[in-house]
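All of these numbers come straight from a predicted model, not from anything done at the bench.
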Amino acid sequence: MSTAELGQYVASGLVVGGIYALIGLGFVIVFSVTRIVNFAQGEFVALGALLLATLTARGVALPLALVLTMAAGAVAGLVLERIAVHPLRMAPPLAVLIVTIGASIAARGLALVTWGTDPIATPAFSAGAPFVVGGAVVVRQGLWVVGTAAALFVLLWVFFMRTYAGTALRACAANPRGARLNGMRVDRMFVAAFAMAGALGAVAGAVMAPITYATYDMGLMLGLKGFVAAVIGGLVSPLGAIVGGFALGLLESVGAGLVSSAYKDAIAFVVLIGLCLMQTAGWLPWRVVEEG
């Protein structure tokens, strides 16, 4: 493998990893606050891609289309929590997990009825030729992906560490019972977590829509890989989800180049199985999931 080829694989891996990082952040926010693994997170991504493609095709200006897409993702997360998750707040975690899987299937069916099976193209946010860096070709939309992931991580850090609402969310994540005793509405924090995750998923879909076609079923595999990215980072760390997303993207891209692109999708699940086995054996320096 030449240096130019390796550079191309790394550049492609960083772009894909930015998508996985954004999706993983959604998993982390929901799990940190509610201790629920939301397997409908990938459908927020599909919603973002499909909605942005539809709005831009109908002449809506890109900034407004992005705002509407993000708002739609937040509303979708809110609806999911109120309709599917909240009624099961006293149920075992496994029951809630199954409900999120069912919600994912239902959302995919609704997208199929609404948008059909034809892929939808979306114009790039920035026009112009790709950049060439060290022999690697980097499309301009790829910079939007990486930049969006970095900007959202900074904004989330400021929100959680410097605002009252973010502090309340962290308190509910650390000790829900203590938060209730201090007068916090934990159920509202759950709604906020799902709404934020929905908005993040929609943004991920929106920024990746110009790179790939938007389809009704794109959220399934993306959601699973975003989950793996979140698990790599411990499932409770926003920074870990960012690192896990980029690491997974690089592993997939370089692995596909060294072995075969036919095994690209399998790499994420090999990593997940390996992490589970290593944690069971006590070989990991961190826990994949915090207790309690």
Engineer: Kindly indicate, with the supporting measurements, whether the criterion side-chain contact (heavy atoms from CB on, under 4.5 Å) is fulfilled by Val243 and Ile232.
Structural biologist: CA-CA 8 Å; Val243 173; Ile232 291 174; over 6 Å; no
Engineer: Is any side-chain heavy atom of Lys225 closer than 4.5 Å to a side-chain heavy atom of Ile23?
Structural biologist: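 The answer is no; the side chains never approach within 4.5 Å.
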Engineer: Are Val138 and Pro130 packed together at the side-chain level, in the sense that at least one heavy-atom pair is separated by less than 4.5 angstrom?
Structural biologist: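 Contact flag for Val138/Pro130 side chains = no.
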Engineer: Can you see which heavy atom on Ala193 is nearest to which on Val30, and at what distance?
Structural biologist: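 Minimum heavy-atom separation between Ala193 and Val30: O-CG2, 3.9 Å.
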Engineer: With sequence neighbours left out, write down each residue that passes ring-ring contact (aromatic ring centres under 6.0 Å, His included) with Trp115, or none if nothing qualifies.
Structural biologist: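 Per chain and number, Trp115 pairs via ring-ring contact (aromatic ring centres under 6.0 Å, His included) with no residue.
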Engineer: Might you point out which heavy atoms bring Ala202 and Thr69 nearest each other, and give the distance in Å?
Structural biologist: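 Minimum heavy-atom separation between Ala202 and Thr69: CB-O, 3.5 Å.
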Engineer: Looking only at non-hydrogen atoms, find the nearest pair between Ala168 and Met189 and report the distance.
Structural biologist: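 Here Ala168 and Met189 meet closest at CB-SD, 3.9 Å.
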Engineer: Is there a continuous path of hydrophobic side-chain contacts, each under 4.5 Å between heavy atoms, that joins Val28 to Val158?
Structural biologist: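 Val28 and Val158: separate clusters.
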Engineer: Would you say that Leu152 contacts Val203 through its side chain, given a criterion of any heavy-atom pair below 4.5 Å between the two side chains?
Structural biologist: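 Side chain of Leu152 against side chain of Val203, heavy atoms only: contact under 4.5 Å found.
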Engineer: One pair to check against side-chain contact (heavy atoms from CB on, under 4.5 Å): Leu222 and Met208. What are the steps and the verdict?
Structural biologist: CA-CA 11 Å; Leu222 288 170; Met208 75 171 293; 3.5 Å; yes
Engineer: Determine the minimum heavy-atom distance between Gly24 and Ala230, stating which atoms define it.
Structural biologist: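 Minimum heavy-atom contact is O-CB, 3.8 Å.
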Engineer: From the options Val186, Ile29, Val33, select the one residue that forms a side chain to side chain contact (heavy atoms under 4.5 Å, CB included) with Leu169.
Structural biologist: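 Between Leu169 and the candidates, side chain to side chain contact (heavy atoms under 4.5 Å, CB included) is satisfied uniquely by Val33.
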Engineer: Does a side-chain heavy-atom distance below 4.5 Å link Phe269 with Leu224?
Structural biologist: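 In short, these two side chains touch, coming nearer than 4.5 Å.
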Engineer: Let me check something: do Leu200 and Leu235 share a hydrophobic cluster, defined by ILVMFWY side-chain heavy atoms less than 4.5 Å apart, either directly or through other members?
Structural biologist: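 Yes, because Leu200 and Leu235 connect within a single hydrophobic cluster, where side-chain heavy atoms sit under 4.5 Å apart.
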Engineer: Side chain of Ser104, backbone of Thr100: donor and acceptor closer than 3.5 Å?
Structural biologist: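 No.
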Engineer: Are Val191 and Ile83 connected in a single hydrophobic cluster, I mean Ile/Leu/Val/Met/Phe/Trp/Tyr linked by side-chain heavy atoms less than 4.5 Å apart?
Structural biologist: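 No; tracing contacts between hydrophobic side chains, which count when under 4.5 Å, never links both residues.
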Engineer: Could you tell me which non-hydrogen atom of Glu43 sits nearest to which non-hydrogen atom of Gly219, and how far apart they are?
Structural biologist: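 In this case the closest contact between Glu43 and Gly219 is OE2-C, 3.9 Å.
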Engineer: Same cluster for Val75 and Leu51 if Ile/Leu/Val/Met/Phe/Trp/Tyr side chains link at under 4.5 Å?
Structural biologist: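 Hydrophobic grouping puts Val75 apart from Leu51.
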Engineer: Side chains of Val207 and Leu22, heavy atoms from C-beta outward: is any pair under 4.5 Å?
Structural biologist: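 Side-chain contact under 4.5 Å: yes.
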Engineer: Is it true that a side-chain atom of Arg140 and a backbone atom of Ala129 form a donor plus acceptor pair closer than 3.5 Å?
Structural biologist: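 At least one qualifying donor-acceptor pair exists.
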Engineer: Kindly give the heavy-atom pair with the smallest separation between Ala124 and Pro210, and that separation in Å.
Structural biologist: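 Closest approach of Ala124 to Pro210: CA-CB, 3.6 Å.
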Engineer: Less than 4.5 Å apart, any side-chain heavy atom of Thr114 and any of Leu50?
Structural biologist: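 Thr114 vs Leu50: side chains apart.
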Engineer: Under 4.5 Å between side-chain heavy atoms, counting indirect links through other Ile/Leu/Val/Met/Phe/Trp/Tyr residues: same cluster for Leu6 and Ile267 or not?
Structural biologist: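 As far as the 4.5 Å side-chain criterion goes, Ile267 and Leu6 are connected within one cluster.
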Engineer: Can you run down the ring-ring contact (aromatic ring centres under 6.0 Å, His included) pairs that involve residues 42-62, sequence neighbours left out, and say none if there aren't any?
Structural biologist: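 For residues 42-62: none.
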Engineer: Would you check, one step at a time, whether the test side-chain contact (heavy atoms from CB on, under 4.5 Å) holds for Val145 with Ile211?
Structural biologist: CA-CA 10 Å; Val145 171; Ile211 298 176; 3.8 Å; yes
Engineer: If the condition is side-chain hydrogen bond (donor to acceptor under 3.5 Å, both in side chains), which residues does Arg89 pass it with, not counting sequence neighbours?
Structural biologist: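 Arg89: side-chain hydrogen bond (donor to acceptor under 3.5 Å, both in side chains) contacts with His86.
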Engineer: Can you list every pair that meets ring-ring contact (aromatic ring centres under 6.0 Å, His included) and has a residue in residues 185-232, with sequence neighbours left out?
Structural biologist: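 Found Phe27-Phe227, Phe39-Phe227.
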Engineer: Closer than 3.5 angstrom, by distance alone: can the side chain of Ser253 be matched with the main-chain N or O of Leu250 as a donor-acceptor pair?
Structural biologist: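 Not confirmed, Ser253 side chain does not pair with Leu250 backbone.
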Engineer: Please examine the side chains of Leu156 and Pro238, heavy atoms only from C-beta on, and report whether any two atoms are closer than 4.5 Å.
Structural biologist: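 SC-SC contact between Pro238 and Leu156 ruled out.
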Engineer: Please, which pairs that meet ring-ring contact (aromatic ring centres under 6.0 Å, His included) have at least one residue in residues 119-157, sequence neighbours excluded?
Structural biologist: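 Qualifying pairs, neighbours excluded: Phe125-Trp144.
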Engineer: State the OH-CG distance between Tyr20 and Leu251, to the nearest 0.5 angstrom.
Structural biologist: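 Answer rounded to 0.5 Å: 11.0 Å.
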Engineer: Are the side chains of Ile105 and Arg108 in contact, using a 4.5 Å heavy-atom criterion?
Structural biologist: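 SC-SC contact between Arg108 and Ile105 confirmed.
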Engineer: Got a sec, which residues hit side-chain hydrogen bond (donor to acceptor under 3.5 Å, both in side chains) with Thr148, two or more places apart in sequence or on another chain?
Structural biologist: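 Thr148 satisfies side-chain hydrogen bond (donor to acceptor under 3.5 Å, both in side chains) with no residue once adjacent residues are dropped.
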Engineer: Can you confirm whether more than 12 heavy atoms, excluding those of Arg82, are under 6.0 Å from its CZ atom?
Structural biologist: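 Count over threshold, so yes.
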Engineer: Hey, mind stepping through Leu78 and Met196 against side-chain contact (heavy atoms from CB on, under 4.5 Å) and telling me if it holds?
Structural biologist: CA-CA 9 Å; Leu78 185 152; Met196 291 176 63; over 6 Å; no
